[in-house]
Amino acid sequence: MRSVRRPDEYRDLLTRAAADRDKRVLTGVSALADRNEVLLPDRQSAELGAAARRDNPAAVTQLPLEFVDDTLGFNPEWIVDSIAPRPVLFITTDDDRLVPPQESEAMFARAGEPKKLVVLKGFGHYEVYGGEAFRQVMDETVAWYKTHLPAR
């Protein structure tokens, strides 16, 4: 949430989330915000997301502001080393402008064995959900499951 915003935009988001937190305490209800105000996408992600939502009347267009607190409170780096000896597969792309591949690489470095890091070349964040990138994701995932969660 921070890396794709200017510092003042990030501070504004945190201020909105704090006000919503106070409101939730009193009413039990979180205010809704346009998804792009909360999940500020990079240009590539915005274009792909808009195209996917255009033909989907059930697409989520608003999120509760409490999502900000939930997301900022999630720190996988605090526990990733505790997953072992359970297998963990990390898949990222080299052109992910929303979640930089360095974040997956840092998580991979902290994880115990067995682990694997896959960096898909030439794809962005949302491109992994279709086409050639999706095929590569599925090939890696199925191979990982066959090795670490074989059918009995």
Side-chain angles (χ1 to χ4, degrees), residues 1-21 24 30-84 86-145 147-149:
M1 289 187 168
R2 183 179 359 185
S3 66
V4 294
R5 289 179 165 81
R6 293 187 313 258
D8 63 314
E9 292 172 330
Y10 183 65
R11 182 178 175 117
D12 290 347
L13 179 65
L14 294 181
T15 300
R16 283 182 73 189
D20 186 68
R21 193 176 317 117
R24 287 195 318 268
S30 180
L32 293 176
D34 181 271
R35 67 176 285 123
N36 289 332
E37 293 174 24
V38 177
L39 297 173
L40 186 64
D42 61 277
R43 285 186 307 276
Q44 180 186 59
S45 298
E47 291 167 9
L48 289 169
R53 287 188 296 280
R54 187 174 15 256
D55 297 325
N56 181 356
V60 174
T61 59
Q62 293 190 309
L63 298 173
L65 278 172
E66 70 184 298
F67 182 81
V68 174
D69 287 339
D70 293 344
T71 301
L72 295 177
F74 177 66
N75 294 290
E77 64 274 9
W78 292 352
I79 55 99
V80 70
D81 60 330
S82 302
I83 294 171
R86 291 168 203 87
V88 60
L89 172 65
F90 299 89
I91 300 178
T92 188
T93 67
D94 66 348
D95 192 27
D96 191 328
R97 300 169 192 185
L98 200 56
V99 179
Q102 295 82 359
E103 290 186 18
S104 295
E105 292 164 357
M107 293 289 289
F108 176 78
R110 293 183 65 129
E113 295 290 344
K115 63 183 179 178
K116 182 175 182 181
L117 173 65
V118 176
V119 181
L120 303 179
K121 304 295 183 192
F123 300 107
H125 185 84
Y126 286 109
E127 290 176 302
V128 299
Y129 299 111
E132 175 58 22
F134 183 71
R135 186 197 60 74
Q136 290 180 35
V137 166
M138 293 310 301
D139 287 351
E140 292 288 349
T141 302
V142 169
W144 183 256
Y145 281 140
T147 300
H148 295 284
L149 296 170

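The model shown is predicted, which means the values in this text are computed figures rather than measured ones.
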With a cut-off of 3.5 Å and sequence neighbours excluded, list every side-chain donor-acceptor pair involving residues 109-126.
from, atom 1, to, atom 2, distance (Å)
Arg110, NE, Glu77, O, 3.4
Arg110, NH2, Glu77, O, 3.2
Glu113, OE1, Lys115, N, 3.3
Lys115, NZ, Phe108, O, 2.9
Lys115, NZ, Ala111, O, 3.0
Lys116, NZ, Glu140, OE1, 2.8
His125, ND1, Asp96, OD1, 3.2
His125, ND1, Asp96, OD2, 2.8

Result block: side-chain N/O donor-acceptor pairs under 3.5 angstrom for residues 44-54, not counting sequence neighbours:
from, atom 1, to, atom 2, distance (Å)
Gln44, NE2, Glu127, OE1, 3.3
Ser45, OG, Asp42, OD1, 2.6
Arg53, NH1, Gly49, O, 3.4

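Considering every non-hydrogen atom in both Pro64 and Leu32, the closest pair reads N-CD2, 3.6 Å. The minimum heavy-atom distance between Val60 and Gln62, with the atom names listed, is CG1-O, 3.2 Å.
Qualifying side chain to side chain donor-acceptor pair (under 3.5 Å) partners for Asp139, counting only residues two or more places apart in sequence or in other chains: Arg135. Considering only residues two or more places apart in sequence or on other chains, Asp55 meets the side chain to side chain contact (heavy atoms under 4.5 Å, CB included) condition with none of them. Residues meeting the side chain to side chain contact (heavy atoms under 4.5 Å, CB included) test with Arg11, sequence neighbours left out: Thr15. Partners of Tyr10 according to the side chain to side chain contact (heavy atoms under 4.5 Å, CB included) rule, which considers only residues two or more places apart in sequence or in another chain, are Met1, Arg2, Arg5, Leu14, Leu72.
Distance check: Arg6 CZ to Asp12 CG gives 9.5 Å after rounding to the nearest 0.5 Å. Interatomic distance, Thr141 OG1 to Leu89 CG, rounded to the nearest 0.5 Å: 5.5 Å. To the nearest 0.5 angstrom, Glu37 atom CD is 11.5 Å from Glu9 atom CD.
Between the side chain of Thr92 and the backbone N or O of Ser104 there is no donor-acceptor pair closer than 3.5 Å.
Just one of Asp20, Leu13, Leu63 meets the side chain to side chain contact (heavy atoms under 4.5 Å, CB included) condition when paired with Val68; it is Leu13.
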Could you give me the CA-CA distance, side-chain angles and deciding distance for Val88 and Met107, then say whether side-chain contact (heavy atoms from CB on, under 4.5 Å) is met? CA-CA 10 Å; Val88 60; Met107 293 289 289; over 6 Å; no
